[in-house]
Structures are given as C-alpha cells and as structure tokens.
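One structure is given here, and the rest of the page talks about it.
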Amino acid sequence: MENLISLVNKIQRACTALGDHGEASALPTLWDSLPAIAVVGGQSSGKSSVLESIVGKDFLPRGSGIVTRRPLVLQLHKSDEGSREYAEFLHLQRKRFTDFSAVRKEIQDETDRETGQMKQISSVPIHLSIYSPNVVNLTLVDLPGLTKVAVEGQPDTIVQDIENMVRSYIEKPNCIILAISPANQDLATSDAIKISREVDPAGERTIGVLTKIDLMDKGTDAVDILEGKSYRLKFPWIGVVNRSQADINKNVDMIAARRREREYFASTPEYKHLAQRMGSEYLAKVLSKHLETVIKSRIPGIQSLINKTVAELETELSRLGKPIAADAGGKLYTIMEICRLFDQNYREHLDGVRSGGDKVYNVFDNQLPAALQRLQFDKQLSMENIRKLITEADGYQPHLIAPEQGYRRLIESTLVTIRGPAEASVDAIHSILKDLVHKAMNETPELKQYPALRTEVGNAAMESLERMREQSKRATLQLVDMECCYLTVNFFRKLPQEADKGGNPSQSIFDRYNEAYLRRIGTTVLSYVNAVCAGLRHSIPKSIVYCQVREAKRSLLDFYYTELGKLEQNRLSALLNEDPAIMERRSALAKRLELYRSAQAEIDTVAWAK
C-alpha cells in the first residue's frame with residue numbers, strides 16, 4: 001500500500017514541478033487522473049486542526065476569518081523509523097525545513113506574495129511535502145474555508161469565488177472529499193455536507209469527519225451522526241477531538257493531544273462503543289487505505305492516459321528536433337543535414353511530389369502563349385510605318401525587285417516586342433521558385449528550430465535564384481535577338497515574286513509604294529513574325545527550364561555549401577542559436593517525457609504485481 005501511494009505522490013510532485021497539473025487546461029492530464037483527497041469545510045470548522053492532527057505537527061497558519069487563502073497540496077511521506085522530520089516546498093526546492101514554525105511562516109509569506117495582505121484568495125496552489133516516520137503516505141489538498149459573507153478588504157464575489165475553487169477540485173471523479181463538519185452546529189447547516197452532496201449525491205466519494213465533539217452542549221451527543229443515522233454516507237463517520245485554543249497556547253504537543261483524544265473516546269460512555277474507529281490516527285489510516293483502493297481501481301485508466309501522452313510527447317519532441325552538437329564538426333554536420341532536408345523538400349515541390357511545381361507548367365502552357373497572342377503589331381505594321389521604313393531602307397536608290405532591307409527593318413522592329421513576354425516568363429518562373437523556397441522552408445521543421453540558420457538559408461537560396469534568373473534572362477532574350485539578327489531565308493524563298501505573278505515590269509518604281517503593295521509587305525512580315533512566335537513558344541520554356549528550374553534542382557545551395565565550409569565555430573554556433581522558446585519547450589517536454597516514462601514503468605510494475 002505504502003509503495004503504491006508513494007508512487008502516486010512521486011508522480012504528483014513531478015507533475016507539479018513540470019506544471020503538468022491541468023489548472024489552465026481543459027485537457028486531461030496525469031495530475032487530473034491521479035486520485036487525491038480534498039479537505040472541505042466552513043471557516044472555523046476545525047480543518048486546520050484535523051490536518052495538523054494527521055501530520056502530528058503545528059505547521060498551518062491560524063487566525064480569525066479566512067486563514068487558508070490558497071489551496072495547499074500537502075503530500076505526506078512515511079520515512080524510516082528514527083529519521084529526521086522535515087518539510088520541503090516546491091517553490092523552494094532543495095531547502096529543507098526542520099522547524100515547523102518556519103513552515104507556517106513560509107505558507108503565510110507565500111500566500112501574501114500571491115494574493116497580497118488584503119484577504120484576497122488565489123487558485124494557485126502551494127505545494128508542501130512532509131517527510132516523517134510518524135505519518136502515513138497520503139496526499140491531501142487543503143482548500144479555503146467556505147464562507148457566507150465577505151469581510152472588509154475582500155471583494156463582494158469572494159463567497160462565490162471560494163465555492164467555485166472548491167468545486168473545481170471536488171467535481172473531479174478521482175477526488176475523495178473529506179468533509180469537515182463541527183459537531184456543535186446543526187449538521188443541516190454544514191457547508192461541507194451541502195457542497196459535497198451537490199457533487200456527490202450518493203456519498204460514494206465523501207468521508208465525513210466530525211470535529212469539536214468535546215465542545216457540544218451538555219446533554220447532547222453526536223452518536224446519531226457517527227452511527228450514520230442523521231446523514232448516511234457510504235463510509236462511516238469519523239469523530240476527532242482536536243486541541244483546544246488553550247492547548248495550542250500552552251504548546252501541547254501532538255503526541256499528548258493524540259493520547260488525550262484516545263482517552264476521551266475510550267472514557268466517554270456515549271462514544272465508548274465507537275472508540276476503535278474514532279480519532280485522528282484512525283482517520284489517517286482510513287484515508288491512506290481508501291486512497292490506495294481508489295488508486296488501484298484507476299490504474300487501467302492511468303496507464304491508458306500515460307501511454308497516449310508518451311506517444312504524443314515523443315512525436316512533439318521529434319518535430320522540435322534534437323539538441324545542438326557541441327563541437328564544430330557536429331555543428332557543421334547538423335547544418336548540412338538541415339540544408340539537405342530543405343533541398344529535398346524543395347526538389348519534391350518541383351518534381352510533383354509536393355504541390356507547387358505545376359505552376360511552372362502553367363506559365364509555359366497558358367501565360368506565355370496568351371502573352372504572345374496579346375502582342376499588338378499595329379504600330380510596327382501600320383501603312384505609315386511600313387512606307388517610312390521601306391523608303392528609308394532604300395536610301396537614295398529605290399529597290400529593284402524586293403525591298404530586302406525594308407523587310408529586315410520591319411521584322412526586327414516587330415520581333416523586338418517579343419522580348420517583353422519572354423522576360424515576363426522568366427520573372428514569373430522566378431516568382432514561383434521563390435514561393436517554393438518559402439514553402440520548403442516552412443515544411444522543414446529544423447529550420448524553424450534555428451531562426452538564424454533559416455534566415456541564412458533563405459537568403460542563400462534567394463541569391464542563387466537571382467543569379468539563375470539573370471542567366472535565364474540573358475539566354476532567353478538571346479533567343480529573341482537571334483531571330484532578329486538572322487532571318488529564315490527559306491520562308492522568303494517560298495514567297496512568289498511579283499514578276500512570276502504577272503507584274504508589269506514597265507510599271508513606275510514609285511508606284512510600288514502604293515497601299516496594296518505596302519499591305520502585301522505588312523502581311524508577309526506578320527506571317528514571318530507569327531512563325532517566329534510559334535517557334536519561340538517552345539524554345540523559351542526550354543531555355544527557362546534549363547537555366548532556372550534545372551539549376552534550382554541541382555545547385556540551389558551549392559554556393560552556400562562552399563561558403564559554409566569556411567565558417568569558424570563561433571559563426572556556426574550563431575547559426576544554430578535556436579529560438580529560446582523552442583529550447584525551453586524541448587527541455588520541458590523532455591522532462592515531462594522522462595516523468596511519464598518513469599511513471600509508465602512503475603505503474604506497469606504495480607499493475608503486474610496486483
């Protein structure tokens with residue numbers, strides 16, 4: 001029993017240290033799945049005295065009004081006989097308190113640090129562990145006492161705030177409710193019974209404790225309550241007799257107080273038949289035994305949650321990546337490996353494994369042809385421009401047969417306009433390749449891990465793409481320029497000459513500049529330009545793919561790799577200086593994973609031993 005409860009205490013401490021206690025999360029956590037005992041009662045019901053009797057030490061703040069203003073998660077650990085008693089706070093790790101009056105002061109100081117000194121309350125718990133050979137293994141949560149009115153310095157909502165806080169603990173199905181009620185008040189008015197009945201109507205999770213039995217009016221007793229006749233719970237009521245205020249003022253120790261408590265029940269005629277199951281020592285044993293029973297019944301659910309959480313943590317840690325290597329070689333290898341993963345993702349986009357590469361084909365199959373078709377040659381092939389270029393090309397001596405120089409000038413001035421769509425296609429592919437860089441970077445988790453490296457790799461990729469664009473632009477525009485500087489002779493040889501078509505050789509040379517003649521020249525030039533456009537529609541994509549797409553796949557980061565090998569260790573370290581938030585999260589996840597794996601192994605051992 002003690003080993004099982006100690007294990008749960010250990011897991012709860014670890015969960016708390018890692019912040020894995022579910023206060024701010026709607027998702028179930030390991031902390032939520034572990035059974036615990038919540039101590040509930042009205043103000044001045046004797047809650048603090050019951051806890052001190054169970055522990056056997058004076059360690060809780062006392063006073064009038066609301067004394068407990070934050071939940072106190074109290075974990076008791078039974079140590080070996082003869083060992084020294086001490087206490088530890090989670091917020092003061094590695095500091096041991098052997099003076100329990102100092103424990104009381106620290107509880108008060110820590111409460112004030114969170115809530116101030118104006119009787120405010122806070123749901124942020126204080127975690128205290130006590131190690132002693134005189135306790136049983138147990139976890140108790142001491143909650144603020146329920147109240148009916150706000151006192152000076154408290155908000156008007158404090159009554160509801162305390163009730164909501166208490167409910168947040170006792171509504172959990174794994175919570176055992178320790179309902180503290182004073183015997184010298186009517187049980188019907190007990191705050192603890194009222195709220196526990198609302199969340200546990202059948203009384204299956206509630207253990208009733210009756211305090212101040214010795215302070216009841218003469219002629220009255222609590223036998224009906226203790227025997228379960230006044231208000232029946234699944235578990236028998238337990239009566240306790242705490243130290244009086246006079247005893248506290250005289251510093252009567254707990255050993256003497258427990259002895260007097262046993263004597264009271266054994267010697268009082270009304271309670272003599274119940275003495276064997278009365279008192280704080282018996283209460284502690286009942287709570288410990290019941291907690292063990294509940295823990296055993298919850299083991300399958302706890303195992304399931306742990307196994308699921310371990311898998312989720314492993315996945316998240318894998319996504320965050322491994323910690324950084326210490327040596328220069330390891331850092332360089334890490335950077336190269338991350339770059340390789342980015343490069344692979346980038347190639348997969350272009351190869352169709354990932355989305356985005358299809359946009360390249362769309363430029364060639366739709367945008368470029370559409371841009372070529374939208375070219376307007378009206379200005380170059382207007383009658384005025386044709387006449388102007390033909391006559392200028394003839395110079396002082398008109399052409400004899402065909403205006404060859406005029407044809408060349410007309411064709412060259414028209415073909416130059418194709419440079420626009422060609423250059424636009426290069427820029428469109430460049431834009432697509434840049435977008436794919438951003439996509440590949442976002443799909444490489446390791447780059448998110450190291451912002452400096454992400455920036456460096458992104459800049460290197462963009463610089464490479466820029467160089468490829470310039471090379472592609474030169475090569476693609478050269479295709480257009482080639483068409484301008486050398487015309488396809490066969491195209492013109494196939495054109496019938498005027499004489500062959502019955503032209504009149506005696507016609508004046510100046511009549512050849514009439515509109516019909518010039519229109520025929522314009523039609524011939526347009527036919528030639530259309531033929532060139534049809535050819536460039538196929539050759540421009542080839543040039544762009546060769547200079548940009550192919551090179552991006554082959555050597556996007558080649559220049560960066562060369563420069564990377566020249567970097568010194570401090571520069572490599574700067575590149576792997578990852579986001580502190582990611583480092584912190586990885587560390588927290590690793591610790592949590594270690595906790596869950598340890599819990600997994602230990603709970604599995606307990607489950608097999610059942």
Side-chain angles (χ1 to χ4, degrees), residues 1-17 34-39 46-62 68 71-110 125-142 176 178 180 207 209 211 238 240-243 247-248 251-262 278-292 295:
M1 174 181 70
E2 291 177 352
N3 289 337
L4 184 57
I5 297 177
S6 295
L7 169 60
V8 170
N9 281 350
K10 172 185 173 184
I11 295 172
Q12 286 176 325
R13 288 198 311 276
C15 286
T16 303
L34 297 175
I37 301 173
V39 185
K47 280 192 310 93
S48 297
S49 296
V50 170
L51 288 174
E52 289 185 333
S53 296
I54 291 174
V55 175
K57 289 289 180 183
D58 291 308
F59 69 97
L60 292 173
R62 293 182 178 276
T68 303
L72 175 67
V73 180
L74 176 63
Q75 293 186 326
L76 305 182
H77 308 272
K78 186 173 181 61
S79 55
D80 296 334
E81 287 296 331
S83 61
R84 192 174 187 182
E85 297 176 306
Y86 66 92
E88 289 182 340
F89 288 94
L90 183 65
H91 64 274
L92 294 174
Q93 295 185 35
R94 299 186 183 89
K95 181 176 180 179
R96 291 187 175 184
F97 291 77
T98 54
D99 180 359
F100 280 81
S101 62
V103 173
R104 180 189 301 113
K105 185 177 185 304
E106 180 56 33
I107 292 174
Q108 186 63 57
D109 291 345
E110 177 62 15
I126 298 173
H127 296 268
L128 173 65
S129 295
I130 294 179
Y131 300 80
S132 170
N134 303 317
V135 300
V136 294
N137 289 296
L138 199 57
T139 296
L140 298 162
V141 183
D142 184 23
I176 302 165
L178 190 63
I180 310 294
I207 297 177
V209 176
T211 63
I238 298 173
V240 296
V241 174
N242 300 321
R243 293 177 302 165
D247 292 334
I248 295 171
N251 293 322
V252 175
D253 64 39
M254 288 298 180
I255 296 176
R258 285 177 175 177
R259 183 174 61 250
R260 287 170 56 179
E261 182 184 43
R262 288 194 299 270
M278 295 291 123
S280 55
E281 288 181 287
Y282 177 77
L283 173 62
K285 292 175 182 177
V286 167
L287 292 177
S288 185
K289 184 175 181 179
H290 181 58
L291 182 59
E292 177 220 6
I295 290 171

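Quick note: numbers below take in every heavy atom, side chains included, and nothing from hydrogens, waters or symmetry partners.
- Put simply, the side chain of Lys57 does not reach to within 4.5 Å of the side chain of Ile130, judged on heavy atoms.
- Closest approach of Gly279 and Val240 over heavy atoms only: C-CG1, 3.8 Å.
- Annotation: salt bridge (charged side-chain N to carboxylate O under 4.0 Å, His left out) contacts of Glu52 (sequence neighbours excluded): Arg62, Arg243.
- Residues satisfying the salt bridge (charged side-chain N to carboxylate O under 4.0 Å, His left out) test with Lys95, not counting sequence neighbours, are none.
- By the side-chain hydrogen bond (donor to acceptor under 3.5 Å, both in side chains) test, Asp253 pairs with no residue at all, sequence neighbours left out.
- In plain terms, the two heavy atoms of Ser48 and Pro61 that are nearest each other are OG-O, 4.4 Å.
- Under the 30°/60° scheme for interplanar angles, the aromatic rings of Phe100 and Phe59 are found to stand perpendicular.
- Shown here for Ile180 and Gly46, the closest heavy-atom pair between the two residues is CG2-C, 4.3 Å.
- In terms of the side-chain hydrogen bond (donor to acceptor under 3.5 Å, both in side chains) criterion, His290 has no residue partners (sequence neighbours excluded).
- Not one N or O on the side chain of Ser132 forms a donor-acceptor pair closer than 3.5 Å with the backbone of Glu85.
- Shortest non-hydrogen contact noted between Lys47 and Thr68 is NZ-OG1, 4.3 Å.
- The side-chain hydrogen bond (donor to acceptor under 3.5 Å, both in side chains) test applied to Asp109 returns Lys105, not counting sequence neighbours.
- Residues passing the side-chain contact (heavy atoms from CB on, under 4.5 Å) test with Ser53 are Asn242, Ser280, sequence neighbours excluded.
- Looking at heavy atoms from C-beta onward, Val73 lies out of side-chain contact with Leu90 at the 4.5 angstrom threshold.
- Using a 4.5 Å cut-off on side-chain heavy atoms (C-beta onward), Ile176 and Leu291 make contact.
- Note that CD1 of Ile238 and OG1 of Thr211 are 13.0 Å apart. Values are rounded to the nearest 0.5 Å.
- Partners of Arg96 by salt bridge (charged side-chain N to carboxylate O under 4.0 Å, His left out), not counting sequence neighbours, listed by chain and number: Glu88.
- The minimum heavy-atom distance between Asp80 and Pro133, with the atom names listed, is O-CB, 3.5 Å.
- For Phe97, the ring pair (Phe, Tyr, Trp, His ring centres under 6.0 Å) criterion is met by Phe89, not counting sequence neighbours.
- With sequence neighbours left out, the side-chain contact (heavy atoms from CB on, under 4.5 Å) criterion links Glu281 to Arg258, Arg262.
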Problem - side chain to side chain contact (heavy atoms under 4.5 Å, CB included) evaluation trace for Leu287 with Ile54 - result: CA-CA 10 Å; Leu287 292 177; Ile54 291 174; 4.1 Å; yes
(message) side chain to side chain contact (heavy atoms under 4.5 Å, CB included) for Leu60 and Leu72? Distances and angles first, verdict last.
(response) CA-CA 10 Å; Leu60 292 173; Leu72 175 67; 3.5 Å; yes
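- Glu110 is linked by a salt bridge (charged side-chain N to carboxylate O under 4.0 Å, His left out) to Arg70, Arg113, counting only residues two or more places apart in sequence or in another chain.
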- Query: Is there a side chain to side chain contact (heavy atoms under 4.5 Å, CB included) between Lys78 and Val136 once you walk through the steps?
  - Reply: CA-CA 5 Å; Lys78 186 173 181 61; Val136 294; 5.6 Å; no
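- Here the side chains of Ser101 and Arg104 are in contact, with some heavy-atom distance below 4.5 Å.
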key: Evaluation steps, side chain to side chain contact (heavy atoms under 4.5 Å, CB included), between Val50 and Val39   = CA-CA 10 Å; Val50 170; Val39 185; 5.9 Å; no
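- Legend: residues meeting side-chain hydrogen bond (donor to acceptor under 3.5 Å, both in side chains) with Arg260, ordered by chain and number and at least two apart, are Asp247.
- Within the model, atoms CG of Leu138 and CG of Leu51 stand 9.5 Å from one another, a figure rounded to the nearest 0.5 Å.
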